[in-house]
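Heads up: the structure comes next, in structure tokens.
One-based numbering, in listed order, for ligands and for the atoms of each.
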Amino acid sequence: MSAAVSTRQQLDDVRQKIVDDDPVPELRESATQLVFGDGDPEADIVFIGEAPGKNEDLQGKPFVGAAGRFLNEMLEMIDLKREDVYITNIVKYRPPDNRDPFPDEKQAFMPYLESQLDAIQPKLTVTLGRHSLNCFLPELQISTCHGQPKRYKDRVYLPLFHPAAALYNGAMRQTLIDDFALIPAIVDKISAVSKK
Ligand code: URA
């Protein structure tokens, strides 16, 4: 069995565990389906958003609406495709009316997200927006730490602004594009250090 198959199997197991545990029944009941994650299980880079929106809920994949198209564009700018990375959210069911997920809902899904990351073992974990950042590094402010890689407990995180927030805000949009452009060099540096 190849490594890719076994990581995929581990991810399938995490997905099944969410179905079995049913950590937030109210969200599951109001959503169309579980939005677990998408992309390469062996990816070097994992992107983590907040929660599925309407399009994601309908298609069962994260970041497939306007924010997702912007994310795809930025990936292309650094010569990557969606299939080269792995994309997921903290919360795996769409909150009703696109409200922000509640703190206890985010907390309830964190063990599954941790298991996803343990299975994939990415070189770089990119948090999209302050909710995603603060689930891992609660003391940091996105306004001051965006674009700066942070090593914490065997993982390297890169905090970025959320593509949906930056989409229609010219200054934030350019900052996000500039921060995104740092990703290849950050991954190269992590690879060089881990080979030593
Ligand atoms: N915003 C998110 O945080 N996640 C998605 O999947 C889509 C939009």
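Taking the six-membered ring where the residue is Trp, F180 and F47 present parallel rings, their angle staying beneath 30° rather than reaching 60°.
Near H162, meaning under 4.0 Å from one of its heavy atoms, ligand 1 places the atoms 1 (N), 2 (C), 3 (O). Atoms of ligand 1 lying under 4.0 Å from at least one heavy atom of G49, given by number and element, are 3 (O). Of all the atoms in ligand 1, the ones that sit under 4.0 Å from a non-hydrogen atom of E50 are 2 (C), 3 (O). Listed by atom number, the atoms of ligand 1 under 4.0 Å from P62 heavy atoms are 6 (O).
In this structure, the protein non-hydrogen atom closest to atom 4 (N) of ligand 1 is N89 OD1, 2.7 Å.
Put simply, part of A51 is less than 4.0 Å from ligand 1, judged by heavy atoms.
At a 3.5 angstrom cut-off on N or O pairs, F63 counts as close to ligand 1.
Cation-pi geometry between R82 and Y86 is not met at under 6.0 angstrom from the ring centre and within 45 degrees of the axis.
Residue pairs meeting the salt bridge (Lys or Arg N to Asp or Glu O under 4.0 Å) criterion with at least one partner in residues 131-154, sequence neighbours excluded, do not occur; the list is empty. Among pairs with a residue in residues 44-64, those fulfilling side-chain hydrogen bond (donor to acceptor under 3.5 Å, both in side chains) read T32-D57, at least two apart in sequence or across chains.
Remark: side-chain polar atoms of N134 are not paired, donor with acceptor, to backbone N or O of H131 under 3.5 angstrom.
Residue R130 places its CZ atom among 12 or fewer non-hydrogen atoms of other residues, nucleotides or ligands, all under 6.0 Å distant.
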